[in-house]
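Data block below; observations after.
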Amino acid sequence: MECVFGLVGNGFAIVAADTSAVHSILVHKNNEDKIMLLDSHKLIAASGEPGDRVQFTEYVQKNVSLYQFRNGIPLTTSAAANFTRGELATALRKNPYSVNILMAGYDKEAGASLYYIDYIATLHKVDKGAFGYGSYFSLSTMDRHFRSDMSVEEAIELVDKCILEIRSRLVIAPPNFVIKIVDKDGARTHAWRQSVQDVTTASV
């Protein structure tokens with residue numbers, strides 16, 4: 001029951017994701033970070049099959065780093081999103097990845113932006129977006145409360161409303177979420193919203 005969502009405010013972008021690693025009826029862990037740092041001013045939040053999610057996001061991260069190493073300048077968020085879309089489109093005709101992505105970034109000229117990329121390589125620049133079962137609730141909540149001129153505090157409050165709605169309405173709701181933000185000062189973890197701590201199983 002994965003939940004990944006994000007939005008763009010006044011000079012920043014925020015992405016949030018659940019932190020559950022699940023297979024079938026089993027929860028393996030509750031602190032899996034599904035939002036990866038691409039570079040100092042870019043975040044990539046992903047949902048999908050765990051193997052595809054980890055492999056593909058690491059592949060994108062290393063290629064973005066390689067471009068910067070070779071050329072001395074970082075990719076813009078738009079360029080990174082288009083590269084990601086191109087790799088998904090190429091894989092779609094060979095060995096497709098089951099992964100959906102929200103890419104957030106901040107560029108000096110363009111400001112904050114958020115890109116929606118799904119598993120069949122559809123790319124859109126959006127003000128707000130979501131993937132997973134939680135999208136049924138987070139998208140409707142954002143439709144009701146989202147404004148393009150929101151401050152960081154207002155955006156965090158809206159993210160918390162989305163998390164509360166998911167926990168209240170989704171029959172098998174993930175207990176924990178991580179929230180990350182990117183702005184002119186860079187990409188960073190803002191907060192964790194935890195209702196269940198990871199517990200080490202005692203030896204029998």
Side-chain angles (χ1 to χ4, degrees), residues 1-18 34-39 41-49 52-53 55-61 63-64 67 74-94 96-150 152 154-155 158-159 161-163 165-166 177-184 187:
M1 295 293 180
E2 289 191 301
C3 307
V4 176
F5 58 95
L7 59 92
V8 179
N10 185 15
F12 66 90
I14 285 179
V15 286
D18 75 281
K34 298 174 183 177
I35 307 175
M36 179 180 282
L37 195 70
L38 277 189
D39 63 22
H41 286 75
K42 292 181 197 66
L43 294 167
I44 182 168
S47 68
E49 290 296 322
D52 287 354
R53 174 175 54 80
Q55 182 183 353
F56 187 73
T57 53
E58 286 184 354
Y59 172 78
V60 172
Q61 183 193 47
N63 275 275
V64 167
Y67 179 90
L75 284 170
T76 64
T77 309
S78 174
N82 278 278
F83 166 78
T84 304
R85 186 259 167 205
E87 293 302 310
L88 276 174
T90 301
L92 190 64
R93 289 148 182 85
K94 298 175 182 177
Y97 292 101
S98 179
V99 60
N100 299 301
I101 288 168
L102 286 177
M103 185 179 293
Y106 185 91
D107 304 299
K108 287 182 180 177
E109 296 80 13
S113 56
L114 181 69
Y115 290 87
Y116 170 109
I117 312 164
D118 70 10
Y119 73 102
I120 53 172
T122 301
L123 171 65
H124 284 293
K125 184 179 181 182
V126 294
D127 291 327
K128 56 188 183 298
F131 285 113
Y133 283 106
S135 65
Y136 294 112
F137 311 105
S138 55
L139 282 174
S140 59
T141 303
M142 288 190 288
D143 281 341
R144 175 66 181 85
H145 299 285
F146 173 80
R147 300 192 329 273
S148 58
D149 62 345
M150 295 181 87
V152 173
E154 289 172 327
L158 176 51
V159 167
K161 284 180 180 177
C162 292
I163 292 172
E165 199 69 18
I166 291 167
F177 289 80
V178 60
I179 303 167
K180 297 191 180 184
I181 185 170
V182 57
D183 58 17
K184 60 182 176 59

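In what follows, every heavy atom counts, from backbone to side chain, and hydrogens, waters and symmetry copies are set aside. Here, residue 1 is the first one in the sequence, and each next residue gets the next number.
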**Q.** T77 OG1 to I44 CD1 distance, which is reported to the nearest 0.5 Å
**A.** 11.5 Å
Q. Minimum heavy-atom separation for F5 to A130, with atom names?
A. CB-CB, 3.6 Å
Q. So F177 and I166, side-chain contact (heavy atoms from CB on, under 4.5 Å) or not? Walk me through it.
A. CA-CA 11 Å; F177 289 80; I166 291 167; 4.1 Å; yes
**Q.** Residue pair V182 / K180, side-chain heavy-atom distance below 4.5 Å
**A.** no
**Q.** Gap between atom CD of E165 and atom OH of Y136 - 0.5 Å precision
**A.** 15.5 Å
Q.
Below 30° counts as parallel, above 60° as perpendicular, anything between as tilted: where do the rings of Y59 and F83 land?
A. parallel
**Q.** Short side-chain to backbone donor-acceptor contact, K161 and T141, under 3.5 Å
**A.** no
(Q) One pair to check against side-chain contact (heavy atoms from CB on, under 4.5 Å): I35 and V178. What are the steps and the verdict? (A) CA-CA 8 Å; I35 307 175; V178 60; 3.9 Å; yes
Q: Using modelled atom types only, decide if a donor and an acceptor are shared between the side chain of D107 and the backbone of T76 within a distance under 3.5 Å.
A: no
Q: Dump the intermediate steps for side-chain contact (heavy atoms from CB on, under 4.5 Å) on L38 and M103, then the final yes or no.
A: CA-CA 9 Å; L38 277 189; M103 185 179 293; 3.8 Å; yes
Q.
Between I101 and F56, is the side-chain contact (heavy atoms from CB on, under 4.5 Å) condition met? List the steps.
A. CA-CA 10 Å; I101 288 168; F56 187 73; 3.6 Å; yes
Q: Determine whether L123 and T84 make a side-chain contact, defined as any pair of heavy atoms from C-beta on separated by less than 4.5 Å.
A: no
Q.
Tell me if a side-chain donor or acceptor on R53 pairs with a main-chain N or O of S47 at a distance below 3.5 Å.
A. no
Q: Any chance you could measure H41, atom NE2, to K184, atom NZ, to the nearest 0.5 Å?
A: 9.0 Å
(Q) Using a 6.0 Å cut-off, check whether atom OH of Y119 has over 12 heavy atoms from anything other than its own residue. (A) no
Q) Does some side-chain heavy atom of L37 sit less than 4.5 Å from a side-chain heavy atom of L43? A) yes
Q | Nearest atoms (heavy-atom pairs only) where V8 meets A112 | A | CG1-O, 3.9 Å
Q: Taking side-chain hydrogen bond (donor to acceptor under 3.5 Å, both in side chains) as the test, write out the residues that go with T57, two or more places apart.
A: none
Q: Would you check if L102 and Y115 make a side-chain contact, meaning some heavy-atom pair closer than 4.5 Å?
A: no
Q) Can you list every pair that meets salt bridge (charged side-chain N to carboxylate O under 4.0 Å, His left out) and has a residue in residues 113-134, with sequence neighbours left out? A) K128-D143
**Q.** Short side-chain to backbone donor-acceptor contact, R93 and A89, under 3.5 Å
**A.** yes
Q | Contact summary for P74 and K42, nearest pair of heavy atoms | A | CB-NZ, 4.5 Å
**Q.** Backbone of N10 reached by a side-chain donor or acceptor of D149 within 3.5 Å
**A.** no
Q.
For the backbone of Y97 and the side chain of D52, can you confirm whether one donor and one acceptor N or O come within less than 3.5 Å of each other?
A. no
Q) Distance from I14 atom CD1 to I181 atom CD1, nearest 0.5 Å? A) 4.5 Å
**Q.** Side-chain donor/acceptor of E2 to backbone N/O of F131, under 3.5 Å
**A.** no
Q. Between S138 and C162, what is the shortest heavy-atom contact and its length?
A. O-SG, 3.8 Å
Q: Determine which pairs satisfy salt bridge (charged side-chain N to carboxylate O under 4.0 Å, His left out) with at least one residue from residues 132-141, sequence neighbours left out, and list them in order.
A: none
Q) Looking at CZ of R85 and OG1 of T90, how far apart are the two atoms once the value is rounded to the nearest 0.5 Å? A) 8.5 Å
Q. So, for L75 and D39, which heavy atoms are closest and what is the spacing to 0.1 Å?
A. O-OD2, 4.5 Å
Q. Would you call E58 and M36 a side-chain contact if the rule is heavy atoms closer than 4.5 Å?
A. yes
**Q.** Closest non-hydrogen atom pair, V159 against A16
**A.** CG1-CB, 4.0 Å
